[in-house]
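Here's the structure, in structure tokens; my notes come after.
For clarity, every value in this text was computed on a predicted model and none was experimentally measured.
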Amino acid sequence: MIHHLDNLLGRLLSAQITGIDETQISFEPPDEAFRNTMSNNNLLNIYLVDVRENRKLRSNARLREFDSGIVHETPAPRRIDAHYLVSAWSPATVTMAVQPTLDEHELLAEVISVLMDNEPLVPRQIFDPIPPNFPAALVDCELPTTILPVEGFAKLAEFWGTVEWRWKPVVYLIVTYPNLFDRLPVGPMVTTRITEYRQTGKPETAEVFIQIGGTVRQAGGTAIGGAWVRLETTTGAALQTTYTDEREAGLGRFTFLSLQAGDYQIRVRAAGFSEKVEPVTVPSPAGGYDIEVSF
């Protein structure tokens with residue numbers, strides 16, 4: 001992701017700063033090798049000086065999705081802070097009449113203005129078109145930025161000493177981006193949960209309660225949210241009524257609680273579909289309670 005972030009910053013600054021194109025932006029260390037590449041144009045150096053995890057934004061949440069009877073989980077992304085030092089470089093020679101530092105200061109001011117005007121960074125608003133292989137999940141993602149934090153970059157003197165150059169002002173920029181995790185299968189969906197209560201040492205006091213869950217689908221497999229679902233006795237007497245989940249993560253799911261083992265029937269009504277009555281045995285010998293409806 002970091003190289004995509006580099007490209008994002010380069011595209012933003014070259015597009016919105018007059019007189020700067022992408023050939024005048026460098027991500028190399030501003031050392032002697034970099035300075036020897038300077039020609040007759042002003043340059044911007046965007047140097048990634050540090051990368052750290054943003055622990056304040058860490059989350060242990062997981063997105064759970066159901067797909068063809070298999071449960072998939074995606075851990076919440078970790079948030080990474082990319083620390084950049086943006087410096088301006090003028091090729092002009094210092095004379096009594098020419099002060100290239102003033103040109104550099106003007107360029108830095110434009111950098112600050114552009115970054116603040118585009119806070120937070122949104123890739124779709126900057127790239128046109130979106131580059132190949134750019135993560136689809138981040139195209140419309142808002143990437144928070146911290147521009148000129150009050151504490152400044154603590155090791156700026158050490159930084160310039162390392163690259164053997166006099167002290168130069170920089171725009172200290174922190175961009176926070178999500179490090180995405182892959183969606184992984186964690187096992188088959190639980191459709192039956194059996195709970196037994198009894199007094200210690202007295203098996204005759206046992207009480208067994210069963211929870212069942214299934215999905216309402218149309219022929220072809222598409223889950224249906226908001227469907228009316230009723231559990232009945234085999235003679236049609238109503239026992240429990242619910243609706244299927246309309247959220248994407250659990251679309252079409254329903255559940256019934258505190259059942260006894262035995263035979264039942266499930267009645268389903270969904271807008272645009274014929275009513276369906278399905279006999280079921282609890283617990284199910286086949287392990288499932290999905291209902292398929294048709295037009």
Side-chain angles (χ1 to χ4, degrees), residues 1-51 80-95 97-135 138-149 152-153 155-156 159-160 162-177:
M1 177 58 196
I2 292 179
H3 69 287
H4 291 303
L5 189 56
D6 293 341
N7 292 337
L8 184 73
L9 292 172
R11 179 69 60 85
L12 173 66
L13 295 178
S14 63
Q16 298 194 21
I17 295 180
T18 303
I20 293 291
D21 61 36
E22 293 191 54
T23 66
Q24 295 167 256
I25 295 177
S26 172
F27 294 90
E28 296 300 317
D31 54 13
E32 184 177 3
F34 161 79
R35 297 192 294 273
N36 288 338
T37 65
M38 295 185 65
S39 57
N40 295 322
N41 297 315
N42 289 332
L43 295 180
L44 280 178
N45 184 276
I46 307 174
Y47 185 64
L48 180 66
V49 71
D50 202 0
V51 181
I80 309 299
D81 286 341
H83 297 245
Y84 289 93
L85 300 181
V86 184
S87 53
W89 298 79
S90 170
T93 301
V94 179
T95 67
V98 177
Q99 298 187 54
T101 298
L102 297 181
D103 294 334
E104 295 173 352
H105 291 175
E106 182 178 356
L107 190 51
L108 284 183
E110 291 188 72
V111 169
I112 294 168
S113 179
V114 169
L115 292 174
M116 288 185 172
D117 286 344
N118 290 272
E119 188 179 20
L121 301 177
V122 180
R124 188 183 296 279
Q125 297 176 3
I126 297 171
F127 286 126
D128 184 21
I130 299 296
N133 302 320
F134 192 91
L138 301 183
V139 169
D140 294 299
C141 183
E142 294 187 348
L143 306 178
T145 57
T146 302
I147 304 162
L148 306 179
F153 183 67
K155 297 185 178 181
L156 190 57
F159 172 75
W160 287 124
T162 301
V163 298
E164 299 179 349
W165 190 252
R166 63 181 184 274
W167 184 284
K168 180 188 283 286
V170 296
V171 174
Y172 181 21
L173 169 68
I174 304 172
V175 183
T176 303
Y177 71 90

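- Leu102 CG to Leu107 CG: the interatomic distance, rounded to the nearest 0.5 Å, is 12.5 Å.
- To the nearest 0.5 Å, atoms CD (Glu110) and OG1 (Thr18) are separated by 6.0 Å.
- When atom types are taken as modelled, the side chain of Asn45 and the backbone of Glu28 share a donor-acceptor pair closer than 3.5 angstrom.
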Apply the test side chain to side chain contact (heavy atoms under 4.5 Å, CB included) to residues His83 and Phe153: give CA-CA distance (whole Å), side-chain angles for both, the deciding distance (0.1 Å), then the verdict. CA-CA 9 Å; His83 297 245; Phe153 183 67; 5.5 Å; no
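- Contact detail for Lys168 and Ser87: the closest heavy-atom pair is CD-CB, 4.0 Å.
- Using a distance-only test at 3.5 Å, with no hydrogens or angles considered, no donor-acceptor pair links the side chain of Asp103 to the main chain of Gln99.
- Nearest heavy atom pair, residue Phe159 against residue Val49, reads CD1-CG2, 4.3 Å.
- The structure places NE2 of His105 at 11.0 Å from OG of Ser90, a figure rounded to the nearest 0.5 Å.
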Quick one, Leu143 with Leu8, criterion side chain to side chain contact (heavy atoms under 4.5 Å, CB included). Give me CA distance, side-chain angles, the key distance, then yes/no. CA-CA 11 Å; Leu143 306 178; Leu8 184 73; 3.9 Å; yes
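- Ile46 places none of its side-chain heavy atoms less than 4.5 Å from the side chain of Leu85.
- Here the closest heavy-atom approach between residue Leu138 and residue Met1 is recorded as CD1-SD, 3.4 Å.
- Put simply, OG1 on Thr37 and CH2 on Trp89 are 10.0 Å apart, with the number rounded to the nearest 0.5 Å.
- With values rounded to the nearest 0.5 angstrom, Leu148 atom CG is found 8.5 Å from Leu115 atom CG.
- In this structure, Leu43 and Ile25 have side chains that are not in contact, with every pair of non-hydrogen atoms separated by 4.5 Å or more.
- In this model, no donor atom of one side chain and acceptor atom of the other lie less than 3.5 Å apart for Ser14 and Asp21.
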With side chain to side chain contact (heavy atoms under 4.5 Å, CB included) as the criterion, how do Thr145 and Ile174 come out once you've worked through the C-alpha distance, each side chain's angles and the decisive distance to 0.1 Å? CA-CA 6 Å; Thr145 57; Ile174 304 172; over 6 Å; no
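- Neither side chain, Gln16 nor Asp117, offers a donor N or O lying under 3.5 Å from an acceptor on the other.
- Judged by distance alone, the side chains of Thr162 and Trp160 never bring a donor and an acceptor atom under 3.5 Å apart.
- Pro29 approaches Phe34 most closely through the heavy-atom pair O-CB, 3.2 Å.
- The main-chain N or O of Ile130 is never found under 3.5 Å from a side-chain atom of Arg124 such that the two would form a donor-acceptor pair.
- The side-chain heavy atoms of Leu121 and Asn118, taken from C-beta on, include a pair separated by under 4.5 Å.
- Heavy-atom contacts from other residues, nucleotides or ligands closer than 6.0 Å to CD of Glu142 number 12 or fewer.
- Within 6.0 Å of the CG atom in Asn133, the count of heavy atoms belonging to other residues, nucleotides or ligands does not exceed 12.
- The shortest distance between side-chain heavy atoms of Glu32 and Trp165 does not fall below 4.5 Å.
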Verdict with reasoning, Asp81 to Val51, per side chain to side chain contact (heavy atoms under 4.5 Å, CB included): CA-CA 6 Å; Asp81 286 341; Val51 181; over 6 Å; no
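- The aromatic rings of Phe127 and Phe134 sit perpendicular to each other, their planes meeting at more than 60°, with 30° as the lower class boundary.
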Test ring pair (Phe, Tyr, Trp, His ring centres under 6.0 Å) on Tyr84 and Tyr47 and set out the steps. CA-CA 5 Å; Tyr84 289 93; Tyr47 185 64; 8.9 Å; no
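- Taking every heavy atom of both residues into account, Val122 and Val139 meet most closely at CG1-O, 4.2 Å.
- Exactly one residue among Leu173, Leu12, Leu44 makes a side chain to side chain contact (heavy atoms under 4.5 Å, CB included) with Val111. That residue is Leu44.
- The distance from the NE2 atom of His4 to the CG atom of Asn7 is 7.5 Å, given to the nearest 0.5 Å.
- A donor-acceptor pair is defined here as one N or O able to donate and one able to accept, closer than 3.5 Å; such a pair exists between the side chain of Gln24 and the backbone of Asn42.
- Considering every non-hydrogen atom in both Leu108 and Pro169, the closest pair reads CD1-O, 3.7 Å.
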